[in-house]
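Some notes on the structure that comes next.
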Protein chains: 4
Amino acid sequence: MPRTKEQYEQIRSKTKNKIRSAGLQLFSHKGLNGTSIQEIATSAGISTGLMYRHYKSKEDLFNDLVNTAIHAGKALESLLNSDDCPSAILKQLSDGLMHEMNKSDESAQYLVLITHSLMLGDLEQEMVESYNSVLFDQMTNLIRRGQSRGDLKPGDPYQMTLLFFSTLQGLAMMKLSLIDRFVCPSSEMLTAYLIKES
Amino acid sequence: MPRTKEQYEQIRSKTKNKIRSAGLQLFSHKGLNGTSIQEIATSAGISTGLMYRHYKSKEDLFNDLVNTAIHAGKALESLLNSDDCPSAILKQLSDGLMHEMNKSDESAQYLVLITHSLMLGDLEQEMVESYNSVLFDQMTNLIRRGQSRGDLKPGDPYQMTLLFFSTLQGLAMMKLSLIDRFVCPSSEMLTAYLIKES
Amino acid sequence: MPRTKEQYEQIRSKTKNKIRSAGLQLFSHKGLNGTSIQEIATSAGISTGLMYRHYKSKEDLFNDLVNTAIHAGKALESLLNSDDCPSAILKQLSDGLMHEMNKSDESAQYLVLITHSLMLGDLEQEMVESYNSVLFDQMTNLIRRGQSRGDLKPGDPYQMTLLFFSTLQGLAMMKLSLIDRFVCPSSEMLTAYLIKES
Amino acid sequence: MPRTKEQYEQIRSKTKNKIRSAGLQLFSHKGLNGTSIQEIATSAGISTGLMYRHYKSKEDLFNDLVNTAIHAGKALESLLNSDDCPSAILKQLSDGLMHEMNKSDESAQYLVLITHSLMLGDLEQEMVESYNSVLFDQMTNLIRRGQSRGDLKPGDPYQMTLLFFSTLQGLAMMKLSLIDRFVCPSSEMLTAYLIKES
DNA sequence: TATGAATGAGTTTTCATTCAT
DNA sequence: CATGAATGAAAACTCATTCAT
């Protein structure tokens with residue numbers, strides 16, 4: 001009695017998730033080159049051969065994960081582009097991010113993955129463009145808008161954007177390396193240089 | 001007629017510096033595993049064999065560089081432990097760090113190297129201890145002192161310490177990956193959540 | 001559909017035997033350092049990479065073979081420790097050994113392997129202890145017992161033991177280096193200094 | 001004030017002896033491939049470069065030492081070819097050899113060197129011919145002569161020759177590997193299968 | 001779908017040899 | 001004569017990928 005299409009699909013999907021999970025965990029800590037297919041397969045509880053039925057290469061898996069990270073980042077766009085008061089948006093943003101960060105390692109792992117990808121420099125330059133140009137521009141614009149409204153503190157908006165994302169990346173790495181010695185800062189600390197105190 | 005001991009020492013030292021320089025540059029960008037000995041040797045303008053007359057393995061070079069980074073970090077200790085007013089110390093610290101960061105890539109590279117080492121997790125756990133326990137403790141104590149003097153803003157001192165070092169690491173990585181699109185934040189932004197505005 | 005555990009086990013075992021065979025042959029002639037992994041792999045009809053799925057290093061294979069040799073040597077213990085008449089035991093022993101020696105190269109190769117290992121000196125000192133202390137002691141005791149029974153010729157028993165094993169090692173090497181110009185001595189010659197003529 | 005020719009000659013000779021000594025010691029234990037030029041130089045207390053002013057390659061040194069060993073072996077020829085009574089010659093031979101063996105490690109080292117050379121198989125086949133054909137033949141003839149005189153025990157003369165040289169090689173190796181746990185057998189034991197007891 | 005044996009190209013590492021001083 | 005830095009080719013070892021089952 002052969003399985004139905006759906007059953008196969010479900011098995012595939014389950015396996016793929018295990019691979020992605022293992023890959024995310026390992027890549028975020030040890031990078032693309034520091035992680036072997038064998039490690040990923042073992043960690044995912046499958047054979048190396050099976051890996052190649054889901055991804056045509058190690059880099060393919062890596063890129064898939066980086067893309068997921070990028071897409072998650074893009075989810076922030078709608079928030080950044082909303083017409084609400086900038087300080088409220090930023091508050092909501094940092095609240096949300098710190099909440100994510102507290103919840104599980106996953107968000108931090110994705111963030112660190114982006115870092116790895118950026119530092120490698122060569123491959124997938126499109127993502128860098130997406131990530132930077134789009135997200136950075138939107139954030140910079142938001143800050144500029146907030147400043148002209150008198151909502152936000154003065155200072156170079158691009159500098160502020162850079163500081164914000166740098167801090168985020170830095171926190172993600174700290175979380176992964178310090179493990180349980182890590183504590184998330186309050187979102188107020190995170191935005192102290194941005195939002196005026198009331 | 002052989003050269004004198006001093007001449008040999010000088011030759012060795014010159015070569016070693018070229019290796020360290022190339023290693024720092026490459027490791028900080030591509031990590032331990034992403035960098036090949038061949039790349040380092042080529043970048044240093046020497047043969048691969050010569051590498052091994054200075055370091056017994058690739059990891060040995062990596063660890064040497066990480067140790068240098070740690071020791072540089074320890075140079076901050078005297079500043080953190082001075083009896084001056086905490087807010088002044090922190091101001092001086094962030095001024096100094098941002099100045100370093102602006103001057104050249106080297107500081108950022110060393111910082112990122114530490115990150116790589118921390119993320120790898122396994123080797124050289126002593127450094128983690130040095131780096132964390134000592135530096136973090138001193139910073140935390142400084143903040144605590146500043147708060148009780150009414151000098152600094154309220155908030156969990158350990159959280160603040162973590163945020164500070166996270167930001168630093170994050171900025172270093174951004175600097176290396178964004179290259180000339182990177183701009184350093186002002187030291188006021190860096191310490192906005194710490195130092196009371198006057 | 002993957003193979004069964006047993007099928008895999010059989011494949012592994014077959015390959016391992018080919019490696020061991022090639023290793024024994026080459027190591028016994030050219031020593032640990034004189035033999036390259038490439039040679040072993042070629043001689044075994046496999047790729048170099050496959051070697052490392054069975055042994056984690058060249059030395060690992062070498063030690064495995066030496067251990068086999070040692071264990072084979074230990075098989076003599078029961079004979080040496082039997083309560084039979086010492087002269088009969090020694091006769092049986094040298095008959096057996098010369099027969100082994102005549103049959104194939106393998107015994108000689110294992111013996112020479114032990115020599116190589118002993119001469120290297122450093123690694124696997126336990127074997128030396130096993131091999132020497134245990135086997136030598138038992139042989140010495142046997143000779144002592146035979147002498148007090150008036151069964152064997154007089155002379156320092158330890159000296160006799162050493163001579164016996166030295167001769168064995170020497171014959172093994174001669175067999176391997178002279179190839180078909182080698183002829184085994186009769187077991188009477190081998191024990192002439194031990195067993196009284198009747 | 002430049003040195004005289006003789007002084008230079010003396011220095012050269014002294015250095016060469018140190019090299020030969022170190023080489024003999026190391027090669028006999030670890031073989032040609034197991035010994036590095038660096039080790040030899042260090043052990044001889046000189047630089048690697050100086051090695052090459054005396055020998056054009058590592059093999060050159062090895063062969064030089066093997067040749068010395070061969071020539072020393074040839075010194076036995078006159079003894080083997082003398083017209084004396086074969087049993088007396090053999091007695092004198094084994095007495096002499098055991099005395100050499102007791103005196104220092106050098107003889108044993110040269111003997112083991114020959115073994116290494118023989119086992120390598122390829123290079124310097126001439127020596128094998130010299131060593132075997134000549135020495136073995138002479139020994140075999142001597143034994144044959146002794147047997148026909150009724151001087152020596154019966155048995156295949158070639159077998160006896162082989163046993164004699166095998167034992168010698170084996171003892172040399174034992175001496176080098178057992179170090180101070182080694183004791184030389186009496187020359188009577190060594191020739192028990194050859195010489196009739198009186 | 002799933003397995004792990006097998007490959008081979010690439011990486012790390014070693015070391016005999018050269019050479020400027 | 002003497003040194004040890006430097007090279008480069010060869011050896012040891014790793015690992016992404018393929019493939020028969």
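Lettering follows sequence order; numbering is per chain, from 1.
Among the atoms of the strands shown, base atoms are found under 4.0 Å from some heavy atom of A/R53. Nucleic acid contact class of B/I11 (heavy atoms, under 4.0 Å, all strands): sugar-phosphate only. C/I37 comes within 4.0 angstrom of the backbone, heavy atoms only, and of no base. Counting any heavy atom pair closer than 4.0 Å across all strands shown, A/S36 reaches sugar-phosphate atoms only and no base atom. Residue C/T35 is in sugar-phosphate contact alone, with no base atom involved, counting any heavy-atom pair closer than 4.0 Å across all strands shown.
Look at CD on D/E59: it is 13 Å from C1' on E/dT17, rounded to the nearest Å. Distance CG (C/L61) to C1' (F/dA11): 16 Å, rounded to an integer number of Å. Distance CG (A/L32) to C1' (F/dA16): 11 Å, rounded to an integer number of Å. C/Q38 places its CD atom 11 Å from the P atom of E/dG8, with the value rounded to the nearest Å. Atom pair C/K14:NZ and E/dA6:P shows a separation of 10 Å (rounding to whole Å applied). Regarding C/D60, its CG atom lies at a distance of 10 Å from the P atom of F/dC13, rounded to whole Å. Per the geometry, NE2 belonging to B/H54 stands 9 Å off C1' belonging to F/dA6, to the nearest Å.
The phosphate of F/dA16 (OP1 or OP2) has no side-chain N or O of A/T48 nearer than 4.0 angstrom. Taking only side-chain nitrogens and oxygens, A/T15 never comes nearer than 4.0 Å to OP1 or OP2 of E/dT1. For C/Y52 and F/dT14, the shortest distance from a side-chain N or O to OP1 or OP2 is not below 4.0 Å. Checking the phosphate oxygens (OP1, OP2) of E/dA5, no side-chain nitrogen or oxygen of C/R3 falls inside 4.0 Å. Not one side-chain nitrogen or oxygen of B/Y8 sits closer than 4.0 Å to the OP1 or OP2 atom of F/dG4.
The side-chain heavy atoms of B/T35 and B/F62, taken from C-beta on, include no pair separated by under 4.5 Å. D/Q109 is not listed as a side-chain neighbour of D/F27, based on a closest heavy-atom distance of 4.5 Å or more. With a 4.5 Å cut-off on side-chain heavy atoms, C/L32 and C/H116 do not count as touching. When side chains are defined from C-beta on, D/K30 does not count as touching C/N33, because their heavy atoms never get closer than 4.5 Å.
Between C/P2 and B/I46, the residue anchored nearer the 5' end of DNA chain F, judged by the nucleotide with its closest heavy atom, is B/I46. The nearest heavy atom of DNA chain E to D/N33 and to A/M51 marks one nucleotide each, and the one closer to the 5' end goes with A/M51. Mapping D/G49 and C/L50 onto DNA chain F via the closest heavy atom, the residue that lands nearer the 5' end is D/G49. Toward the 5′ end of DNA chain E lies the nearest nucleotide of C/K5, the other residue of the pair C/K5 and B/Q7 mapping further downstream.
The side chain of B/S47 has F/dA6 as its nearest neighbour among E/dA2, F/dA6, E/dA5. Closest contact between the side chain of C/K58 and the listed nucleotides F/dC13, E/dA5, F/dA2 involves F/dC13.
Base pairing of E/dA20 is made with F/dT3, judged by Watson-Crick or G-U wobble geometry with both donor-acceptor distances under 3.5 Å.
A heavy atom lying under 4.0 Å from DNA chain F marks none of the residues of residues 17-26 of chain C.
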